[in-house]
Amino acid sequence: MSQKHPQMPKSYDPQAVEASWYARWEEAGIFGADARSPKPKYSMALPPPNVTGELHMGHALQGALYDMWARYRRMTGYEVLWLPGTDHAAISTQNVIERQLADEGTTKEELGRDRFNERVEAWYASVGATIMEQFKELGASLDFSRLRFTMDPGYVRAVRTAFVRFWEKGWLYRGPRIVNWCPRCLSAISDLEVEWQVHHDTLYYIRYPIEEVPGQGVLIATVRPETMLADTGVAVHPDDPRYRHMVGKHAILPLVGRRLPIVADEVVNREFGTGALKVTPGHDAVDWEIGERHGLELISAMHLDGRMDVPDLPAYDGLPSLAVRELVVRDLEAGAFLLKTEPYTHEVGHCDRCDSIIEPLISEQWFLKMGPMAERAIAASQRGQVRWHAQRYERTYLDWLRGIRDWNVSRQLWLGHRIPTYTCANGHQFASIDEPDHCPECASATLEQDPDVLDTWFSSALWPFATLGWPDDTEDLRTFYPTDLNATAREIINLWVSRMIMTGLEFMGAVPFSEVAIHSVVQTADGKRMSKSKGNAIDPREIIRRYGADALRAWGASVAMSSQDVRFDESRIEGFKRFANKLWNATRLVVDKLGEDSLAVPAPDADLDLVDRWILSRLQRTIEGARRGIEDFAPQVAINGIYDFAWHDFCDWYLEAIKPRLRDGDPAARAVSLHVLDVLFRLLHPFMPFVTEELWHRLPGDRDFVMRQPWPAGDSRFSDPDAEARVDKLIALVEEIRRARQAAAAPSRGGRLKLEQPWEPGSAALAADLAAVALVEELAAQGIALTEVAARVEFPALGVEPDTQTATRERLLRELQRSQAKLADEDFVAKAPQSVVDRERQRAADVKEALERLDGARVP
RNA sequence: GGGCGGCUAGCUCAGAGGGAGAGCGCUUGCUUCACACGCAAGAGGUCGCUGGUUCGAAACCAGCGCCGCCCACCA
């Protein structure tokens with residue numbers, strides 16, 4: 001035994017080695033990217049987690065995927081940059097801090113802006129550090145020397161620069177518009193941040209009298225009667241015969257008395273309700289547009305906190321909107337305006353960050369014109385500059401781009417990137433990258449900055465290049481932009497991915513990445529959405545503590561790209577922990593049997609034993625499958641193939657087969673088993689970096705980190721179909737003997753095997769050994785006939801050989817029948833490809849032969 | 001309303017035109033000198049339903065049914 005590896009414990013303990021390997025990797029600086037390296041570059045920017053809390057399973061899955069690609073690319077000759085960072089997540093973080101303050105019995109207003117900012121800074125520092133620690137526990141090979149945060153001074157400049165460039169293009173405009181308003185966040189949010197939830201409400205049918213025709217009225221249907229206080233019109237479809245005569249007349253708004261012009265507009269759905277629509281431009285997006293088209297008055301009847309703002313109607317003024325709804329309904333009923341109600345199920349917008357019901361209302365906001373950028377993004381996509389995996393997701397993105405609307409980029413928050421526009425004492429408004437000290441138009445030094453901040457996604461949209469130093473022309477930016485890959489969950493395809501593509505084209509003139517991988521979303525074991533507020537989220541650190549990071553990662557690789565949702569399944573993670581333990585013990589076995597001599601890597605043309613050639617051929621096939629899996633964005637193919645090879649081919653059969661040779665110090669067995677481990681650890685390293693690193697260093701010789709080794713290139717000359725076929729036969733024979741033994745309830749070892757016809761002597765001896773029987777010339781009794789080769793077997797301690805082969809005979813007969821029926825079908829023989837017909841004939845012949853062996857007679 | 005995905009063993013999931021697979025669980029037998037985080041043997045499936053295409057369909061097409069996701073001017 002080598003003194004370098006005195007003793008390996010009986011089982012692998014991930015906890016004992018993972019942290020120290022990570023520290024060694026970091027210390028050696030092997031994750032740092034060298035912009036001046038002559039190697040081809042491969043770069044990825046980690047999707048910056050929100051600094052709102054700790055990482056969840058989705059992050060872990062994503063991190064495992066990214067790290068798999070990062071390590072694979074390094075091992076296949078690339079200079080890899082995988083850049084880490086975090087996102088300030090303005091609205092979410094502000095909510096988190098506000099909740100904390102509420103728990104402490106205070107508010108941000110009481111605290112004041114400065115102390116609030118201190119709280120935020122402290123939060124960012126502590127949570128940001130925790131997040132990076134979690135990535136380290138996962139084994140993520142991030143280049144921490146390039147860690148970025150979306151509120152870094154440099155990043156702030158990038159954001160301001162982007163804003164000013166848009167400003168200079170004339171794409172930014174500010175004005176009162178109907179927006180999605182969160183009355184709890186006290187901020188506008190974009191269309192994409194509205195989460196629609198099903199509500200069971202009531203549809204109210206309300207009669208609005210017609211001014212010009214006494215006694216007549218128009219019946220409208222609404223779920224929000226309280227908003228009628230701000231009605232300024234009634235709309236009907238222009239082609240609706242029921243209402244054509246009313247167009248141009250006026251309705252009188254009940255409870256208020258306002259005159260409402262009756263207008264005709266195409267958007268009115270004649271099928272819905274009564275076909276007549278009350279128009280409330282101040283509190284409904286559709287109505288706002290109708291109002292614009294027909295010049296209707298715009299009335300705002302709500303305060304920003306959701307209370308009604310109707311000073312002329314003191315009965316309702318200042319009350320929450322839902323309370324006013326009840327009062328309005330009561331009063332309508334009293335005035336005989338309410339004709340009927342019916343239950344109504346529909347979707348209501350909620351704030352995706354705090355779940356409050358969104359109030360559409362009028363507010364002054366900054367909008368960014370999106371049309372020109374969207375067109376360029378669509379064109380880039382059509383030129384194939386961005387490839388999506390799975391491809392179908394490209395459509396999600398294109399559909400959104402094609403129907404794109406201007407982006408409300410302003411938010412009324414305390415936290416975030418302040419909008420860099422200023423107004424001077426003389427009313428001149430301008431945008432500035434740097435903090436200005438005077439107005440460029442009139443030199444006034446009295447400047448007021450816009451109080452609003454930018455949508456967090458505005459800064460996120462710049463991530464692939466702002467992290468590399470943009471707007472400066474840095475070496476990193478020149479070297480690593482465009483990046484190669486972005487992997488993300490499908491729910492932020494439009495929020496994030498599409499916007500990165502648009503800004504990348506706009507500011508860098510090139511798409512920010514050429515590949516987009518959409519990975520699956522981790523659900524709870526019972527298929528629910530994991531969320532911390534529901535308390536059903538799983539902490540990846542808990543999983544790592546119990547099963548090791550490698551097990552979590554391997555599970556991630558096996559599910560991330562294979563479906564759109566994946567239920568969290570601890571048993572599969574545990575399976576990969578056992579796999580790590582299996583690798584540990586296989587290594588323990590092999591290393592223990594190696595001598596002090598150095599062993600040559602087996603050559604493809606060496607004169608090797610059948611099983612040696614077989615395992616090398618299987619290894620070759622595994623390498624090819626793993627490479628294809630990784631390159632084709634199907635990591636599950638790679639990890640499953642490696643698992644299957646390592647456990648079932650290598651451990652179950654190869655190591656069992658060569659144990660005697662290892663004991664005897666057979667150089668070929670030593671060299672081949674060592675070689676397989678060597679290749680296996682390199683193959684598997686991108687998926688399970690810790691255990692492979694640990695075991696790699698337990699192999700003989702001075703060894704550098706696995707990640708600095710080449711990922712196995714394979715050599716097609718190791719491919720040996722003949723050896724594979726012969727070992728398949730050998731395995732089938734061993735399994736048949738074991739089955740017979742079990743069926744005969746014979747002891748687990750012992751018994752005799754007699755060949756009835758000559759068979760490869762080496763294979764026969766090995767098969768006998770693996771099946772724990774002795775190879776003999778004569779049996780004591782008749783024995784049990786086998787089907788895989790012409791042979792009979794008998795087991796000790798049995799009076800009469802039991803009939804263990806009836807079931808086999810029946811199965812073979814069924815197969816023969818099916819096969820013969822197929823071959824008797826003229827259409828099949830005539831139309832199926834020759835190779836398929838040939839294979840069927842071969843099958844029939846094999847089954848016939850097996851039956852003849854069983855019965856010792858010719859089968860017709 | 002539009003689009004997309006899923007429905008395969010008890011559970012979680014692979015498989016994408018030529019004999020149904022894995023992990024876990026289950027049954028039986030093994031303290032075999034790498035591993036009981038293991039070894040060996042086994043049970044278990046009209047591949048959601050109905051039609052169609054094909055010599056041949058779990059896979060391709062159409063329709064339907066659940067479950068989920070995304071998008072939509074969603075009164």
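Naming: A, B, ... by sequence-line order, numbering from 1 per chain. Source: prediction; values computed, not measured.
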Below 3.5 Å between N/O atoms, which protein atoms pair up with nucleotides 6-13 of chain B? Just atom names and distances, please.
from  : atom 1 : to     : atom 2 : distance (Å)
B:U12 : OP1    : A:R567 : NH1    : 3.1
B:U12 : O2'    : A:D569 : OD2    : 3.3
B:C13 : OP1    : A:R567 : N      : 2.6
B:C13 : O2'    : A:R572 : NH1    : 3.2

Which whole number of Å gives the distance between the P atom of B:G15 and that of B:G6? 10 Å

Which residues pass the side-chain contact (heavy atoms from CB on, under 4.5 Å) test with A:A64, sequence neighbours left out? A:R553

Rounding to an integer number of angstrom, what distance separates B:G51 and B:G65 when you compare their C1' atoms? 15 Å

Is the shortest side-chain N to carboxylate O distance from A:E574 to A:R572 below 4.0 Å? no

Listed partners of A:W647 passing ring-ring contact (aromatic ring centres under 6.0 Å, His included), at least two apart: A:Y643

Per-nt protein contacts along nucleotides 39-45 of chain B (heavy atom under 4.0 Å; B base, S backbone sugar-phosphate only, - none) come out as SSSS---

Give the B/S/- string for nucleotides 57-63 of chain B, one per nucleotide from 5' to 3', where a protein heavy atom under 4.0 Å of the base yields B, of only the sugar-phosphate yields S, and otherwise -. -------

The side chain of A:L192 lies closest to which of these nucleotides: B:C55, B:C71, B:A34? B:C71

Give a yes/no on whether any side-chain N or O of A:R588 is located under 4.0 angstrom from OP1 or OP2 of B:C35. yes

Do NZ/NE/NH1/NH2 and the carboxylate oxygens of A:E289 and A:R405 come within less than 4.0 Å? yes

Please determine if a side-chain N or O atom of A:K528 lies less than 4.0 Å away from the OP1 or OP2 oxygen of B:G68. no

Would you call A:S321 and A:E226 a side-chain contact if the rule is heavy atoms closer than 4.5 Å? yes

Pairing partner of B:G44 (Watson-Crick or G-U wobble, both distances under 3.5 Å): none

Interatomic distance at P, B:A14 relative to B:U8, whole Å: 11 Å

Nearest to the side chain of A:F828, heavy atoms from C-beta on, is which of B:C37, B:G15, B:G18? B:G18

Restricting to side-chain contact (heavy atoms from CB on, under 4.5 Å), what partner residues turn up for A:I573, sequence neighbours left out? A:I543, A:Y547, A:A551, A:L552, A:W555, A:F568

Strictly below 4.0 Å, N to O, side chains only: are A:R270 and A:D240 in salt-bridge contact? no

Whole-Å C1' distance, B:C47 and B:C60: 15 Å

Can you name the salt bridge (Lys or Arg N to Asp or Glu O under 4.0 Å) partners of A:E656, sequence neighbours left out? A:K659

Donor-acceptor pair (no angle test) under 3.5 Å: A:K10 side chain, B:A34 base: no

So what's B:G65 paired with, Watson-Crick or G-U wobble, going by both distances under 3.5 Å? B:C7

Separation of A:E347 atom CD from B:C71 atom P, in whole Å? 11 Å

Testing B:C4, B:A75, B:C35 for proximity to the side chain of A:V268, the answer is B:A75

Mind checking salt bridge (Lys or Arg N to Asp or Glu O under 4.0 Å) for A:R628 and listing every partner two or more places apart, or none if nothing turns up? none

Calculate the interatomic distance between A:R578 atom CZ and B:G23 atom C1'; express it in whole Å. 9 Å

Considering just the side-chain nitrogens and oxygens of A:Y344, establish if one lies under 4.0 Å of OP1 or OP2 belonging to B:A75. yes

Determine which nucleotide pairs with B:U12, using a 3.5 Å limit on both distances of a Watson-Crick or G-U wobble pair. B:A22

A:D632 meets the side chain to side chain donor-acceptor pair (under 3.5 Å) criterion, sequence neighbours left out, with none

In the structure shown, which nucleotide is the Watson-Crick or G-U wobble counterpart of B:G1, with both distances under 3.5 Å? B:C71

Starting from P on B:A36, measure out to CG on A:N581 and report it in whole angstrom. 8 Å

Run the salt bridge (Lys or Arg N to Asp or Glu O under 4.0 Å) test against A:D526 and tell me which residues pass, sequence neighbours left out. A:K528

Can a side chain N or O of A:R395 be found less than 4.0 Å away from OP1 or OP2 on B:C4? yes

Spacing of A:R392 atom CZ relative to B:C71 atom P, expressed in whole Å: 15 Å

Which whole number of Å gives the distance between the C1' atom of B:A59 and that of B:U54? 13 Å

Whole angstrom is fine here: how far is it from NZ in A:K577 over to C1' in B:C35? 12 Å

From B:C35, B:G18, B:G23, nucleotide with atom closest to A:N585 side chain: B:C35

Mind checking salt bridge (Lys or Arg N to Asp or Glu O under 4.0 Å) for A:D769 and listing every partner two or more places apart, or none if nothing turns up? none

To the nearest angstrom, the CH2-P distance between A:W496 and B:C70 comes to 18 Å

Could you list the residues that satisfy ring-ring contact (aromatic ring centres under 6.0 Å, His included) with A:Y205, not counting sequence neighbours? none

What's the gap between B:C66 and B:C49 when it is taken at their P atoms, as a whole Å value? 15 Å

Flag for A:D265-A:H294: side-chain donor and acceptor within less than 3.5 Å: yes

Under 3.5 Å on both distances, the Watson-Crick or G-U partner of B:A58: none

